[in-house]
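Here the structure comes first, spelled out in structure tokens, and everything after it is commentary.
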Amino acid sequence: MTDAPTEPFRALTGMRDVLPPEAGRRRALLARFAAAAERAGYAEVSVPVLEELGVFERLGEATDVVTKEMYHFADQDGTELALRPELTAGVVRAFVQHAPTQPWKVWVAGTAFRRERPQRGRYRMFDQVGVEVLGVDDPDLDVEVVALAWQALADLGLRDVTLLVNSLGDHEDRARYTEAVRAYFASLRSALSEAEQDTLDRNPLRLLDSKRPELGPMVAAAPSLAEYRSDEAAAHYERVLAGLRAVGVPYTEAPLLVRGLDYYRRTTFELTSGAIDAAQNALGGGGRYDRLAEDLGGRPTDGIGFALGVDRVLLACDAEGVFDGAGPALDAFVVDLTGGEAARDLTHELRAAGLSADRRFGGGSMRSQMKHADRSGASVALIVGEDELQAGEVTLRPLRGHGADDGEQRRVRREDLVAALRALPAHHDH
RNA sequence: GUGGCCGUAGCUCAGUUUGGCUGAGAGCGCUGGGUUGUGGCCCCAGAGGUCGUGGGUUCGAGCCCCACCGGUCACACCA
């Protein structure tokens, strides 16, 4: 027997308990996303939260996500393991391992971990939903994927969303451009902060989307990415933009959009919310990649995908006042004044018939039970007192929003109860 | 990792200004009652607090100082 803790345990920093009703809202969000993805022919895939460290090291050795923010540790047998910091690498690893027929169109939802300082919209444990497509190098697929991300947000009712699009060109283009940017900022090195000099050495492209206003003029005068794109990459990009216009997805070109992970090439995009009054306004993003499968031991395979941050999407929904996620209310709440047997039996009977029902345990005054019935959101209160019990009936009292005038209360024979509840307009099948 | 702000009831907070005679308050929520079988509005009553933790200053600390813990916001970075 160990000593009891002197203070209660609490969740770790950056790890949050999601309580009702928020947890239900998340599930509803997931259901909406799944429906949107499956309408487009994507099937669900689920991959481990824990992988060998090497799977994620391919994401980019110059990124903080890999170098500083991963939760990793040695397993008992010495294997280096890591909690995934994002979802793509695991999905691609699964693709390589199982070699499914291509194109492989999957959607994925899951939790990822990064050991950062938490702040609004960013936690150490966070959920993402997204899609990945392996095995297709067609710009029209880029259009499909981007449009799907856009539509998923629109389906929730979000309106104040901006789609930022860019093309990083091919690897050679990106490499040449990176060197040009590095050389450019190297000449301005003394004007950079210590941290920025460090960024310059590790990942110069990141300087382009710094939030520091002082850097603005320097960034504006930096080499332009467009001049470094190959003809082929430029044509791909043009086709993507034309496709977005054709399907009616509004976009903003963002030549400075340089996403964090190393594997991106050609199309990259990000979705930001104008409604979130916080720095973490990126709802999600994604892009095309082609070396990831190879880096994970497979054949070179084209891939593209995106991820949406569930926390941030919900933050945006809050800000826009949409998708409150209210679940269906109960069909009935049983108020039992006879000792509890009626409540016990009636709730069971209604549930067995496919209706939703709840009651208050421990009895209490009728006033108290009616209060609970009201707050439960149930369509009706089913009152069972001595009178009803003797008569084999139940009093069916409509509650708020369901024609709640006192006069509409009525008695129903117990054997007719299920049919009577089914006949109510507010009833829903479960 | 760096910096700012904040920790008083389940929740949101007042009280800290000029430390004191208050045994620490409000609203919401919760429980009971006003309505001996009827919720939502109103009224009454009640339960609920080691004032984050530890140390220090002082005759005296919720209030001042230090440390730690926790939260939050921003930066770096990123979803």
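Every chain is numbered from 1 and lettered A, B, ... according to where its sequence line falls, protein lines coming before strand lines. Bear in mind the structure is a predicted one, so any value in this text is a computation, not a measurement. Reckoned from all heavy atoms, side chains included, excluding hydrogens, waters and symmetry mates.
Judged as a salt bridge (charged side-chain N to carboxylate O under 4.0 Å, His left out), and not counting sequence neighbours, A:D416 has no contacts. Take A:E349 and apply the salt bridge (charged side-chain N to carboxylate O under 4.0 Å, His left out) test, not counting sequence neighbours, and it matches A:R414. Among residues two or more places apart in sequence or in another chain, the salt bridge (charged side-chain N to carboxylate O under 4.0 Å, His left out) test is passed with A:D336 by none. Residues that satisfy the side-chain contact (heavy atoms from CB on, under 4.5 Å) test with A:D324, not counting sequence neighbours, are A:A326. The salt bridge (charged side-chain N to carboxylate O under 4.0 Å, His left out) test applied to A:E179 returns A:R182, not counting sequence neighbours. Under the side-chain contact (heavy atoms from CB on, under 4.5 Å) criterion, A:A332 pairs with A:L350, A:V380, A:L382, A:L421, not counting sequence neighbours. Evaluation of the side-chain contact (heavy atoms from CB on, under 4.5 Å) rule for A:D290 yields A:H171, A:R265, A:D302 as partners, not counting sequence neighbours.
In this structure, A:E52 places its CD atom where only 12 or fewer heavy-atom neighbours from other residues, nucleotides or ligands lie under 6.0 Å away.
With hydrogens and angles ignored, a donor-acceptor pair under 3.5 angstrom links the side chain of A:Q409 to the base of B:U38. One donor-acceptor pair, N or O on each side, does fall under 3.5 Å between the base of B:G37 and the side chain of A:E388.
Side-chain atoms of A:L337 lie closest to B:G37 of the nucleotides B:G37, B:C77, B:G39. Each of B:A79, B:G71, B:C75 was ranked by its minimum atom distance to the side chain of A:R114; first place goes to B:A79. Among B:G39, B:A79, B:G37, the nucleotide with an atom closest to any side-chain atom of A:M370 is B:G39. Closest approach to the A:T199 side chain among B:C78, B:A76, B:G70 is made by B:A76 (side chain taken as heavy atoms from C-beta onward). Taking every side-chain heavy atom of A:F126 into account, B:A79 is the closest of B:U38, B:A79, B:A76. Nearest nucleotide to the A:R120 side chain, out of B:A74, B:G37, B:G39: B:A74.
Considering only heavy atoms from C-beta on, A:P85 stays 4.5 Å or farther from A:E69 through its side chain.
As rounded to the nearest Å, B:U16 and B:G62 have P atoms that lie 14 Å from one another. Only the C1' atoms considered, B:G55 is 31 Å distant from B:U12, to the nearest whole Å. Using atom C1' as the reference point in both B:C68 and B:C77, the two lie 28 Å apart (nearest Å). Remark: the separation of the C1' atoms in B:C13 and B:U8 is 9 Å, to the nearest Å. Comparing the same atom, P, in B:U38 and in B:U53 gives a spacing of 46 Å after rounding to whole Å. For the C1' atom pair drawn from B:G70 and B:G15, the interatomic distance equals 23 Å after rounding to whole Å. Separating the P atom of B:G29 from that of B:G23 is a span of 30 Å, rounded to the nearest Å. Comparing the P positions of B:C28 and B:C41 gives a spacing of 10 Å, expressed to the nearest Å.
Heavy atoms of A:A282 sit under 4.0 angstrom from primed sugar atoms or phosphate atoms, though from no base atom. Using a 4.0 Å heavy-atom criterion, one finds that A:G121 contacts the bases of the nucleic acid, with or without backbone contacts as well. Among the protein residues, A:L283 comes within range of the sugar-phosphate backbone only, with heavy atoms under 4.0 Å from sugar or phosphate atoms but none that close to a base. Residue A:Q369 is out of contact with every strand shown, counting any heavy-atom pair closer than 4.0 Å. Nucleic acid contact for A:D127: none, since no nucleic acid atom lies under 4.0 Å from a heavy atom of the residue. Residue-level contact check: A:Y123 touches the bases, meaning some heavy atom is under 4.0 Å from a base atom.
Note: CD (A:E386) to P (B:G37) measures 11 Å, nearest angstrom. A straight line from CE of A:M125 to P of B:A79 spans 18 Å, rounded to a whole angstrom. The CD1 atom of A:I276 sits 12 Å away from the P atom of B:C73 (whole-angstrom rounding). At whole-Å resolution of the value, CZ in A:R397 and P in B:G40 are 11 Å apart.
In summary, A:R93 and A:D295 do not engage in a salt bridge, as defined by a charged side-chain N under 4.0 Å from a carboxylate O.
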Problem - Footprint string (nucleotides 1-8 of chain B, 5' to 3'): B base within contact, S backbone only, - free, heavy atoms under 4.0 Å - result: BBB-----

Pairs under 3.5 Å (N/O, protein and nucleotides 28-33 of chain B):
unit_1, atom_1, unit_2, atom_2, d
B:C30, OP1, A:R375, NE, 3.3
B:C30, OP1, A:R375, NH1, 2.2
B:C30, OP2, A:R375, NH1, 3.4
B:C30, OP2, A:R375, NH2, 3.2
B:U31, OP1, A:H372, NE2, 3.3
B:G32, OP2, A:S368, OG, 3.4
B:G33, OP2, A:S365, OG, 3.2
B:G33, O6, A:R367, NH2, 2.5

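A:F185 does not carry A:R189 over the face of its six-membered ring by the limits of under 6.0 Å from the centre and within 45° of the normal.
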Below 3.5 Å, can you tabulate the donor-acceptor pairs from side chains in residues 387-394 of chain A to any protein atom, sequence neighbours excluded?
unit_1, atom_1, unit_2, atom_2, d
A:E388, OE1, A:G385, N, 2.9
A:E388, OE2, A:T395, OG1, 2.5
A:E393, OE1, A:R411, NH1, 3.1

Please tabulate, for side-chain N and O atoms in residues 35-47 of chain A, each donor-acceptor pair with protein atoms closer than 3.5 Å (sequence neighbours left out).
unit_1, atom_1, unit_2, atom_2, d
A:E38, OE2, A:W107, NE1, 3.0
A:R39, NH2, A:D155, OD2, 3.0
A:Y42, OH, A:E144, OE2, 2.6

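Helical stems in RNA chain B, defined as runs of 3 or more consecutive Watson-Crick or G-U wobble pairs with donor-acceptor distances under 3.5 Å: B:1-7 with B:69-75, B:10-13 with B:25-28, B:30-34 with B:42-46, B:52-56 with B:64-68.
Ring geometry, A:W104 versus A:F95: the interplanar angle falls from 30° to 60°, so the pair is classed tilted.
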